[in-house]
2 protein chains.
Amino acid sequence: MSKYTEFFKALSDEKRLKVFLLLLNEQKGFYVCEIADAISETHYNTSKYLKELRLAGFIKEKKLGRGVLYSAVEPEDDFLKNMFEAMRSIRHDYIDENIKIIRKRVKLRVDDKCIMNISKFNQNNLKKNQQEVRNGRKIRKMERA
Amino acid sequence: MSKYTEFFKALSDEKRLKVFLLLLNEQKGFYVCEIADAISETHYNTSKYLKELRLAGFIKEKKLGRGVLYSAVEPEDDFLKNMFEAMRSIRHDYIDENIKIIRKRVKLRVDDKCIMNISKFNQNNLKKNQQEVRNGRKIRKMERA
DNA sequence: TGCTCATATGCGTATATTAGCATATATTTA
DNA sequence: TAAATATATGCTAATATACGCATATGAGCA
């Protein structure tokens, strides 16, 4: 398969396309579990989507602790550059809802790291919870020292 | 499926992509049998590809006699416009060979109509053959009058 | 009217893709 | 060291896609 058909194929699936559009509008990148939440998909399928997008040359990964931060690549050739640019003309209402979700999701990070099992948090005492996680770690660290 | 994924899906196949690229560089359009030859595909599969591209909003058809002339649409929205433009940055060597073939093939038209079973022509007496077809028709027409 | 030509399409099968599950890996925390 | 966490992957069944063939359609031509 040529690199061109590979390109189009990677984007021919609703969820893969959305994953890429999320990353296209993002500088720092997102964690797998954040993306999974934003597109309402399981972590393992999301992981597979990300792998396909990476192999097709759209995105890159950066391992941080036990998490992996994904972000769009800097397009090197004309084709990719022009395609990325053209994709920015996809109507906002196609992806807006997913962006909203992931923005919320990013705020749930504890010390810049993403928490996977977000269902155990409840929306009301979320900030308290984040603080507790942080405090708990700090105390345990001090106790060890 | 959204119109976006439909777009990418239509181009995710080598031959469909080539069919569209042929038409993207062409004003007047090509006949089905010409395209079939240019991509080395059967007429029925080529016809199916053209149908998919048409349903995805890339190309339009125009019936002329018993032939059908296909050509790229004038892109109406920003997405399509930018995408078509981006696709022009696909390297020439990807499609050059096919363009050569179709250019040759177009020259074989008799009175602007495409001849499907081109194998019955041989390259040496081709022009003679075209002239014969034209003369034969002219004579029969005169005889009827 | 029947025949040929250019194109289209329905159908059955071959092939590819996908999703879900179980499990693996790697890293951090207890 | 063991347990938990975030992510990845191999396997299998379900589903989708593509191809070849036979045949249909519809417009000229004999």
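Every heavy atom of this structure was used, including side-chain atoms; hydrogens, water molecules and symmetry mates were not.
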Ignoring hydrogens and angles, does a donor from either the side chain of R66(A) or the base of dT7(D) sit under 3.5 Å from an acceptor on the other? no
dT5(D) phosphate, OP1 or OP2, under 4.0 Å from Y31(A) side-chain N/O: no
Give a yes or no on whether a salt bridge exists between R88(A) and E85(A), defined as a side-chain N under 4.0 angstrom from a carboxylate O. yes
To the nearest Å, how far apart are L53(A) CG and dT18(C) C1'? 15 Å
Does K48(A) or V68(B) map to a spot on DNA chain C nearer the 5' end, using the closest nucleotide for each? V68(B)
What about the rings of Y70(B) and F20(B), do their centers lie closer together than 6.0 Å? no
Can a side chain N or O of Y70(A) be found less than 4.0 Å away from OP1 or OP2 on dA8(D)? yes
Basic-acidic side-chain contact under 4.0 Å: K9(A), E52(A): no
Write down the distance between CZ (R16(A)) and P (dA19(C)), rounded to a whole number of angstrom. 8 Å
Identify the two heavy atoms, one from L22(B) and one from A38(B), that lie closest to each other, and give their separation to 0.1 Å. CD1-CB, 4.0 Å
With distance as the sole test, does K60(A) use its side chain to make a donor-acceptor pair with the main-chain N or O of A72(A) at under 3.5 Å? yes
From CD1 of I59(A) over to P of dA8(D), roughly how many Å is that when rounded to an integer? 10 Å
Whole-Å gap separating C1' (dT5(D)) and CG (L64(A)): 15 Å
Does S47(A) have a side-chain nitrogen or oxygen under 4.0 Å from the phosphate oxygens OP1 or OP2 of dA8(D)? yes
Remember a base hit wins even if backbone is also touched, and classify K15(B) as base, sugar-phosphate or nothing at under 4.0 Å, heavy atoms. nothing
Among dA19(C), dA8(C), dC19(D), which nucleotide sits nearest the side chain of N45(B)? dC19(D)
Within this structure, what is the CD-to-C1' distance between E41(A) and dT7(D), rounded to whole angstrom? 15 Å
Give one of base, sugar-phosphate or nothing for E34(B), where a contact means two heavy atoms less than 4.0 Å apart. nothing
How long is the line joining OH of Y44(A) and P of dA24(C), in whole Å? 17 Å
May I have the distance from K51(B) (atom NZ) to dA18(D) (atom P), rounded to whole angstrom? 14 Å
Interatomic distance where NZ belongs to K63(A) and C1' belongs to dT28(C) [whole Å]: 15 Å
